[in-house]
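The chains referred to below are lettered A, B, ... by the order of the sequence lines, with proteins before strands, and numbering in each begins at 1.
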Protein chains: 2
Amino acid sequence: MTEQRTGSSPTLRDVAAEAGVSPATASRALNGSTRNVSADKLASVLRAAAKLGYTPNLSAQATARGSTKMVALIVHDIADPYFSAIAAGAVEGAEAAGLTVTMAVTDRSPDRELEIVSTLRGHRPHAIILAGSRIGEDQEALAEELRAYEAAGGRVAVVSQPGLPYGTVTIDNRKAAEDLAAALVAHGYRRFAVLRGPDVLRTSRDRLEGFVAGLARTGITVADRFVVEADFTEDGGHAAMTTLLDRGPDDVELAFAVNDVMAIGAMRALRDANLVPGHDLAVAGFDDISAATDVHPALTTVQVPMRAMGLHAIDLALAAGGEGEVVWLPTNVVLRDSTPRRTGEPVISP
Amino acid sequence: MTEQRTGSSPTLRDVAAEAGVSPATASRALNGSTRNVSADKLASVLRAAAKLGYTPNLSAQATARGSTKMVALIVHDIADPYFSAIAAGAVEGAEAAGLTVTMAVTDRSPDRELEIVSTLRGHRPHAIILAGSRIGEDQEALAEELRAYEAAGGRVAVVSQPGLPYGTVTIDNRKAAEDLAAALVAHGYRRFAVLRGPDVLRTSRDRLEGFVAGLARTGITVADRFVVEADFTEDGGHAAMTTLLDRGPDDVELAFAVNDVMAIGAMRALRDANLVPGHDLAVAGFDDISAATDVHPALTTVQVPMRAMGLHAIDLALAAGGEGEVVWLPTNVVLRDSTPRRTGEPVISP
DNA sequence: ATGAAAGCGCTAACAT
DNA sequence: ATGTTAGCGCTTTCAT
């Protein structure tokens, strides 16, 4: 009978001793192929393990095997519904594949992100998944870190950021924004403002450009003063709308915010100015986070399959080949009450 | 010069060889106390590590040291803003303490949860943090698993679930609900309905009981038919409100949903019935998730410091002693427009 | 089918 | 201050 010290878990040795077999056999019975261990030994090992409450030490397993069953997920902010939806998909996919997820948060700081990748790399995860637009231009250090990780056999997948030499799952932000513009014009809108995020965010740029391009296609332009830049957050949206209102939106009929949280902030700003979103000024967003249907009026937006993106990222990370494979997921314009159909002339005629 | 195979990372040996020192010295320089290694060797080891792009293998480190720098976080649903806020706090605290977080999602299934605890235990995390009400009564298997984990030296902390023999961070749901009831009565409300969650959820029970007790203190009772049970989710809130409306709310003035997501679902149900939340029927929730201020009218609720709860859970998990220590965090009633002050008689008099 | 033994990458006495 | 040596818990040849 092996004496069980408190303060530490039973080891494979303990189980083997208890079952009266060698550690090798115990290993085979518990974690290796069941094939070549006799039924009776198998049973007694299993019994011993259960009795002792044995759980394999995954770290030891990892060092011995040289590989882990972990995937590292890096997001900018887990409290942001956009990222938490992606995370939910990723966790779901990972668990289905028997992987455990380790998560880290960059707080939108490139330095932090580099640090995180470096730390997480220490766990030798099977894959590293980066979600969300990288910020800033100088990505050399990060790229180097990832290159080293890949060279060592790790997989990298990125979410919503085409153009990197990794497996990528994304949507076509430009085209989706174009579609939204077209739908809005078809809905009767003619005069637009755009609440955009920081220029360094590729996502923000793509959506802005797509939207403007979509309008241009119908001969509509957006004056520079009606393109307001602010943070990619709800407060940013609030600030942007406040600025827009200050500048005098004149006959602007609709403000397109490049993401939903900004749009929701913008709606709040309208209310703070005693205006009614959808009535006094229509608002559209992008992402279709769950709050988009919670607000009133419900927000017109572009559906982004965030959860599915997380799931596909795992698939990509697990797929053998396809180095730079890009998975484009479909989007969908959903018109809701924040952009009521517009007939006849503008409310405020010039 | 050590030959570097592709497909695997440089090891400490490689670094040591490159620097012309023993592995032990390299270890001390890189991961041990810097104290007892000469400045020049230190420098050359560091240089070698940088040159090779060395990252310590945390698994190997863990097996050798017998301890890890990981904490496992278990939540019911990471896409739920309540949990993602707690997770954000936990991740923040963990990163500050140099720990990495591994996350798993129970999907509110006790079986799944047991499985998860068992798997995560394999990583020998420094601590396991359980967030959210346990479901169901028969917790023996889970309790046993946790007991074994603790016996082996692990720390367990739970969030929002007093009564377990672990470090706990929670709020006083009962009292907070009482406070809310009192505030609402002071605000002029007299006739209430409650949209509650499943009876197995302790949180739901506590909030219901507290609310009813708070009303009772002022001589107000809630008829059984005005207490509607549904899922603890937004759809649950929608369903509950729909049921309430079907039953004929008579002169009910305010519906208290035991959490914000239910309250928001309830508001949606009101709109679906062509009623205006706050005007035709006041609504109050509980948690103060960020969406509470996004909806219109903004939701009256009880502020729960979710992020702080996540942070404190880490503290608790790191604190040496205090086995069953319970940290009670303060809550705050916030009255918003979904419960306008009520003067004079009910809108619909009997 | 099973065990003995070597080794995964790292740390920690123990020497010196 | 540094190197040598023996592990940590597990897997995996290699024998038998």
Side-chain angles (χ1 to χ4, degrees), chain A residues 2 4-5 7-46 48-49 52-69 121-125 152-153, chain B residues 2 4-5 7-46 48-49 52-69 121-125 152-153:
Chain A
T2 308
Q4 187 58 37
R5 315 118 293 181
S8 77
S9 303
T11 71
L12 189 59
R13 250 178 138 91
D14 298 331
V15 175
E18 173 79 27
V21 301
S22 75
T25 301
S27 172
R28 291 188 264 253
L30 260 13
N31 316 309
S33 57
T34 264
R35 283 275 163 239
N36 36 348
V37 42
S38 67
D40 55 333
K41 305 237 173 213
L42 210 210
S44 65
V45 169
L46 258 30
L52 265 37
Y54 171 77
T55 317
N57 182 323
L58 266 23
S59 290
Q61 217 170 251
T63 47
R65 292 215 250 248
S67 73
T68 62
K69 291 202 146 276
R121 196 144 85 77
H123 287 107
R124 305 287 185 270
Chain B
T2 308
Q4 188 57 36
R5 314 118 294 179
S8 78
S9 303
T11 72
L12 190 59
R13 252 180 138 89
D14 299 331
V15 175
E18 173 79 27
V21 301
S22 75
T25 299
S27 171
R28 289 188 266 254
L30 259 13
N31 316 309
S33 57
T34 263
R35 283 278 163 236
N36 35 349
V37 41
S38 68
D40 56 332
K41 306 240 170 206
L42 210 210
S44 65
V45 169
L46 258 31
L52 265 38
Y54 170 76
T55 316
N57 181 324
L58 266 22
S59 291
Q61 217 170 248
T63 47
R65 291 216 252 246
S67 74
T68 62
K69 292 203 146 275
R121 197 144 86 75
H123 288 107
R124 305 287 186 271

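- Applying the 4.0 Å criterion to OP1 and OP2 of D:dT2, one finds that B:Ser38 has a side-chain N or O inside that range.
- Across the protein-nucleic acid pair, A:Asp40 atom CG and C:dA1 atom P stand 12 Å apart, rounded to whole Å.
- In this structure, A:Pro10 and A:Gly53 approach most closely via the heavy-atom pair CG-O, 3.9 Å.
- Contact annotation: A:Thr63 side-chain N/O to C:dG9 OP1/OP2 distance is not under 4.0 Å.
- Here D:dG9 presents its P atom at 16 Å from CG of A:Leu30, a figure rounded to the nearest Å.
- How far OG of B:Ser22 is from NZ of B:Lys41: 8.5 Å, rounded to the nearest 0.5 Å.
- Closest of all the heavy-atom pairs between B:Val45 and B:Ala29 is CG1-CB, 3.7 Å.
- Whole-Å rounding puts the B:His123 NE2 to D:dC10 P distance at 13 Å.
- Rounding to the nearest 0.5 angstrom, the gap separating the CD atom in A:Gln61 from the OG1 atom in A:Thr63 is 9.0 Å.
- Of the possible polar contacts, one joining the A:Thr68 side chain to the A:Arg124 backbone as a donor-acceptor pair under 3.5 Å is found.
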Hey, what are the protein-to-nucleotides 10-14 of chain C N/O distances that come in under 3.5 Å?
unit_1 : atom_1 : unit_2  : atom_2 : d
C:dC10 : OP1    : B:Tyr54 : OH     : 2.6
C:dC10 : OP1    : B:Asn57 : N      : 3.2
C:dC10 : OP2    : B:Leu12 : N      : 2.3
C:dT11 : OP1    : B:Asn31 : ND2    : 3.2
C:dT11 : OP1    : B:Gln61 : OE1    : 2.9
C:dT11 : OP2    : B:Ser27 : OG     : 2.7
C:dT11 : OP2    : B:Asn31 : ND2    : 3.2

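- Smallest separation of non-hydrogen atoms from A:Val15 and A:Ala49: CG1-N, 3.8 Å.
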